[in-house]
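These notes concern the structure reproduced below.
Everything numeric here is computed off the predicted structure, so don't read it as measured data.
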Amino acid sequence: MSETQQEDPGVVVVGAGMAGVQTAVALREQGYEGPVTLLGAEPHPPYDRPPLSKAVLLGTAEGSAFDVDFEGLGIGLRLGVAVTGVRPAAHLVDTDAGPVPYTALVLATGAEPLALPGTQDHPAVHLLRTLDDATRLRPVLADRRTVVVVGAGWIGAEFATAAREAGCHVTVVEAAERPLAGALPAEAAEPMAAWYAEQGVELLTGVAVSRVEDHGVRLADGRLLPADAVVVGIGARPATGFLAGSGIALDAHGAVLADGLLRASVPDVYAVGDCASFPSARYGRRLLVHHWDNALQGPRTVAAALTGQEPAPYDPVPYFWSEQFGRFVQYAGHHAPEDLLVHRGDPHAAAWSLCWLSPAGALRAVLTVGRPRDLTQGRKLIASGAPFSSRVADPTCPPQVDHGLTPHLPAAPPLGLPVPVTDQPQSPAGLKGWPQTPAGLERRPQAPAGLGRWPQAPAGLVLGWAPPRPVRP
């Protein structure tokens, strides 16, 4: 290595979750030879978050560390280092261990869960975002205690599922009139509400929490719900508070305003994953996606840009999946209020789908419950931008293109276009229950010979690896 290369501080990646790890390994796989430093605030080796709300929480797995040989890849891993600020003009990252210089900086700090006001120091109140959070909650489930979950979003439903599996008495409190009110319309959420009762979970909607008391949760209507533990799942926000005063532009939700190559508003700074919003030509607006698949895909664009390539603008079809109450739920795309909602099958049956069509007839989003083939076909059609077949409502007919029409993608929005408010769950809702087969699916394929065990990637192969998609072959 030359003297010039030795003096080059190289790329510093802030955040050691999926997006940060993928970025560091992608740089090596795409030929970057300079220094790569990965800063993680937690003391634990980098790990995957999705298993926390299932296998780790239930004690069937001790952790979910990434199977990556950081030393062998020449990636400097610094754990337990909290970033406190960024000085773009000086090309410095400030940390509690001192300043860290960079040639290029990648922000991959993810999202942080919202706390219930006034409960931050209450010993019975829990969040579920980190390995330490899951470890603290394990005894609650192991002792089959009485639990109140605040928030009927994705994370609330997934935790309630695990708690009932462990034998806990569970009550879920939701201030809105239905579960997932910020993410899905009533036609989708209404049948999901019945899933709670089927599993023995009491769901209370349309009532807010007033406060957490010593022995329970006091509701705004005066009722007291007994509780040994309270789990809060009321959403998340980009973890970007340390950027205050840096000059790096943020949107109204606190996400870094990235462009189509995931570049921030100042030179030599990129942002990827849950902490960044980006312009989507496909949807004609900026998107802020708090899901695991976004953290998996975005780093490839960042690495390509940093290695002098000319990548296409980052414009994925957003995707996530969730296991809750014995159902396997998948969603691809992004829907808007003006889109036409079409049912495929009976939403009160075991398997059904919802499709959102644009005014021009193109498929914008698809939600499936126990219909993985609909998801697979739908995701491809969304990516193509092609208008949908008029037989979309027929559940016996696979989603397909209407070849008589021409696909159309709107122009990308300006950089500062506001992001619509959505229900932002903690952590990407994917891979719950792996390596078990998700409910309703066929036997999960084995890992290819020589590529290690699922769901971890083989050492040094994170970029080219993706878990087996939860769909039928």
Residues in side chain to side chain donor-acceptor pair (under 3.5 Å) contact with [X], at least two apart in sequence or another chain:
| X | value |
| --- | --- |
| Thr84 | none |
| Arg87 | Asp94 |
| Thr307 | Gln309 |

Using distance alone, with no hydrogens and no angle criterion, decide if [X] and [Y] have a side-chain donor and acceptor under 3.5 Å apart.
| X | Y | answer |
| --- | --- | --- |
| Ser353 | Asp374 | yes |
| Tyr102 | Asp8 | no |
| Ser322 | Glu158 | yes |
| Gln297 | Arg300 | yes |
| Asp274 | His291 | no |

- [ ] Report the C-alpha distance between Leu92 and Val86 in whole Å, list the side-chain angles of each, state the deciding distance to 0.1 Å, and finish with yes or no for side chain to side chain contact (heavy atoms under 4.5 Å, CB included).
- [x] CA-CA 6 Å; Leu92 289 174; Val86 175; over 6 Å; no
* Asked: Where does the angle between the aromatic ring planes of Tyr196 and Phe325 fall among parallel (under 30°), tilted (30 to 60°) and perpendicular (over 60°)?
  -> tilted
Are the side chains of [X] and [Y] in touch, meaning some heavy atoms are under 4.5 Å apart?
| X | Y | answer |
| --- | --- | --- |
| Leu243 | Leu250 | yes |
| Pro113 | Arg129 | yes |
| Arg263 | Asp268 | no |
| Pro179 | Trp154 | no |
| Val25 | Phe66 | no |
| Trp356 | Leu367 | yes |
| Leu354 | Val366 | no |
| Gln330 | Pro372 | yes |

Exercise. Thinking salt bridges, do Glu42 and Arg49 make one under a 4.0 Å N-O criterion?
Worked result: yes
| query | Does a sphere of radius 6.0 Å around CD in Glu310 hold more than 12 heavy atoms from other residues, nucleotides or ligands, not counting ones at 6.0 Å or beyond? | reply | no
Q: Evaluate the side chain to side chain contact (heavy atoms under 4.5 Å, CB included) criterion for residues Val36 and Phe70: first the C-alpha distance (whole Å), next the side-chain angles of each, then the deciding distance (0.1 Å), finally the verdict.
A: CA-CA 10 Å; Val36 176; Phe70 293 101; over 6 Å; no
Quick check: closest heavy atoms across [X] and [Y], and the distance to 0.1 Å?
| X | Y | answer |
| --- | --- | --- |
| Val21 | Ala16 | CG2-O, 3.7 Å |
| Tyr47 | Thr130 | OH-CA, 3.3 Å |
| Pro51 | Ser64 | CG-CB, 3.8 Å |
| Gly151 | Val172 | O-CG1, 3.8 Å |
| Arg282 | Pro316 | NE-O, 3.8 Å |
| Pro43 | Leu79 | O-CD1, 3.7 Å |

Could you walk me through whether Leu184 and His335 satisfy the side chain to side chain contact (heavy atoms under 4.5 Å, CB included) test, starting with their C-alpha distance in whole Å, then the side-chain angles of each, then the deciding distance to 0.1 Å, before giving a yes or no? CA-CA 9 Å; Leu184 297 175; His335 65 271; 4.2 Å; yes
Taking [X] for the side chain and [Y] for the main chain, is one N or O donor matched with an acceptor at less than 3.5 Å?
| X | Y | value |
| --- | --- | --- |
| Arg364 | Ser358 | no |
| Thr37 | Gly76 | no |
| Asp315 | Ser280 | no |
| Thr301 | Leu261 | no |

Sorted by chain and residue number, the side-chain contact (heavy atoms from CB on, under 4.5 Å) partners of Leu116 (sequence neighbours excluded) come out as Thr119, Val150, Val209, Val212, Val232, Ile234
Euclidean distance, [Y] [atom2] relative to [X] [atom1], rounded to 0.5 Å:
| X | Y | atom1 | atom2 | answer |
| --- | --- | --- | --- | --- |
| Glu112 | Leu127 | CD | CG | 10.5 Å |
| Lys380 | Leu363 | NZ | CG | 13.5 Å |
| Leu340 | Leu357 | CG | CG | 5.5 Å |
| Gln324 | Lys54 | CD | NZ | 11.0 Å |
| Leu288 | Leu257 | CG | CG | 10.0 Å |
| Thr240 | His253 | OG1 | NE2 | 12.0 Å |

Ring pair (Phe, Tyr, Trp, His ring centres under 6.0 Å) filter on His126, not counting sequence neighbours, yields none
Check: Could Arg379 and Tyr319 be counted as a cation-pi pair, given that NZ or CZ must be under 6.0 Å from the ring centre and within 45° of the axis?
Finding: yes
Original post:
Where do Thr205 and Arg178 land on the side chain to side chain donor-acceptor pair (under 3.5 Å) test, with the steps shown first?
Top reply: CA-CA 6 Å; Thr205 59; Arg178 62 181 186 272; over 6 Å; no
For a side chain to side chain contact (heavy atoms under 4.5 Å, CB included) check, start with the C-alpha distance between Phe320 and Asn294, then their side-chain angles and the critical distance, and finish with the verdict. CA-CA 9 Å; Phe320 71 90; Asn294 181 48; over 6 Å; no
Run the side-chain donor-acceptor check on residues 185-195: report pairs under 3.5 Å with partners two or more places apart or on a different chain.
{"residue": "Trp195", "atom": "NE1", "partner": "Pro191", "partner atom": "O", "Å": "3.4"}

